[in-house]
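Naming convention: chains lettered A, B, ... in sequence-line order (proteins, then strands); numbering from 1 in each chain.
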There are 2 protein chains.
Amino acid sequence: MVDRSSGVPAYRQVAEDLREKIAVGEYAPGVQLPSERELVDAYGVSESTVHEAVNALQSEGLVTSEPGHGIVVRPSTIVLERVAAARLSRAAREQDGGAFRADAATRGLTPSAEVGVRFEPAVARVAARLAVPEGSEVTVRDRVMRVDGVVVQLAVSRLPRELTRGTAVENPDTGPGGTYARLEEAGHALGSFIEHVGARMPTPDEASLLQLADGVPVITVTRVAYGADGTP
Amino acid sequence: MVDRSSGVPAYRQVAEDLREKIAVGEYAPGVQLPSERELVDAYGVSESTVHEAVNALQSEGLVTSEPGHGIVVRPSTIVLERVAAARLSRAAREQDGGAFRADAATRGLTPSAEVGVRFEPAVARVAARLAVPEGSEVTVRDRVMRVDGVVVQLAVSRLPRELTRGTAVENPDTGPGGTYARLEEAGHALGSFIEHVGARMPTPDEASLLQLADGVPVITVTRVAYGADGTP
DNA sequence: TAGTGGTCTAGACCACTGT
DNA sequence: CAGTGGTCTAGACCACTAA
């Protein structure tokens, strides 16, 4: 039952109570919660109010709900790990043919990728990052990366067209060692990388591609690679 | 106006339309959207339906809304950056007195922290990570970290009590160089670190401490420090 | 005081799932 | 078929903000 005089909205009280019961394990991962109609009786509120509470838990990623199936406590899963140590070193590249493949291999999974290549003029932010004039041509590689068939990562690479012209970087398949290997062959020795890591809620497109349930954030990694001579 | 025959729920159509207008800049960051009553007229749906759409955008972190203020497009902000390069090196530690202070310093901000120390028996997961027997005593340091007064990070450290007994690690203020410096002084030379990075939605407690708006995820970093001799 | 978003109800219909 | 969650409405009252 909710406390109508506390000033705390009823749906929040319901949500908090369910959250608590999930936290202490009264509702374990994979377990089905009482139906919304049952919760209506238990807490003495209307169906919409219960639904609003369930909705909140869904946005937080705590539960999933499907018609006919009921409300289920979500188990947490990790699909893939990025192993950072020497992840982008030349040695690792030569041996495994790319960091993504290596990450998957350490888990015994089968990686695959769908690649598209296109060219577009650099907008202001891209131009600044790559230190090229605004509007100059940029090679864009779009990748949808899968392990065992499920999409786990979306990647977009942008390079100054000058660096990629005539190289396999402009082909969907860049060959052994990937883009970085081709750049080095073309005389652009790699120096350092700077990665920015963030997290945000996915766009609807990303959510459907990555098959994310509500309330599951994505991690963003923005990497700028610098040549040995300092050019991005 | 929404398309009633498309099968797509009305509130999703409204949300998608607003999302689109935000994406193309028709509603710029900081700008106020039309009021819910106006949206009701514009899309030809009920107030609850509009509210549901606005709710979804809030869960995604796209907008904020307050009574009297209206619905406002949220600007994205970065409060603090962790600079990874040599972040945990002995040199950095001696110079700046801890990674957190260094991160804040690079932005010209004033860091502060509130620290609590307690001791508890190791539960299974902690015992495994620290390679100590389950139930053995563990030193726990809870930190609430602020820059310029606002909470930006919550940290919990756990160490085998054996390593900390009689050292300043058991005091709230560990002194210059922090915990790692004290451990090295006590003869526990540091070897390597392994950090696991993840992202999830905050718990309500975290959300209020960090003053997070709805739809803003937190980044989790789990670091295990290993001594030169390999003990965690 | 007028306008804003926040909450809540009662009731309705729908699509989906399992038996 | 019964039960489930998903959607939607019309209408109500509230607390808050700004003029």
Report the nucleotide, chosen from dG6(D), dT9(D), dC8(C), that has the shortest atom-to-atom distance to any side-chain atom of His51(A). dG6(D)
How close or far is atom P of dC8(D) from atom CG of Asp3(B), stated in whole angstroms? 12 Å
Using a cut-off of 4.0 Å on non-hydrogen atoms, how would the nucleic acid contact of Ser65(A) be classed: base, sugar-phosphate, or nothing? sugar-phosphate
With a 4.0 Å cut-off on heavy atoms, is Val54(B) in touch with a base, just the backbone sugar-phosphate, or nothing at all? nothing
With the side chain defined as heavy atoms from C-beta on, Glu52(A) is closest, among dC8(D), dT9(C), dT7(C), to dT7(C)
Against the side chain of Ser48(A), the closest entry in dT7(D), dA10(C), dG5(C) is dA10(C)
Determine, stepwise, if the pair Arg200(A) / Glu60(B) fulfils salt bridge (charged side-chain N to carboxylate O under 4.0 Å, His left out). CA-CA 8 Å; Arg200(A) 59 172 171 76; Glu60(B) 289 163 25; over 6 Å; no
Looking at Glu206(B) and Thr203(B), would you say the former's side chain and the latter's main chain have a donor-acceptor pair under 3.5 Å? yes
Does dT9(C) have its OP1 or OP2 closer than 4.0 Å to a side-chain nitrogen or oxygen of Thr49(A)? yes
Distance-only donor-acceptor check, side chains Glu195(B) and Thr222(B), under 3.5 Å: no
Using a 4.0 Å heavy-atom cut-off, does Ser35(B) contact any base of the nucleic acid, only the sugar-phosphate backbone, or nothing at all? sugar-phosphate
Between the base of dG6(D) and the side chain of Arg12(B), is there a donor-acceptor distance below 3.5 Å? no
For atom CD of Glu47(B) and atom C1' of dC13(D), their distance in whole Å: 12 Å
For Tyr11(A) and Asn55(A), test the side chains for any donor-to-acceptor distance below 3.5 angstrom and give the result as yes or no. no
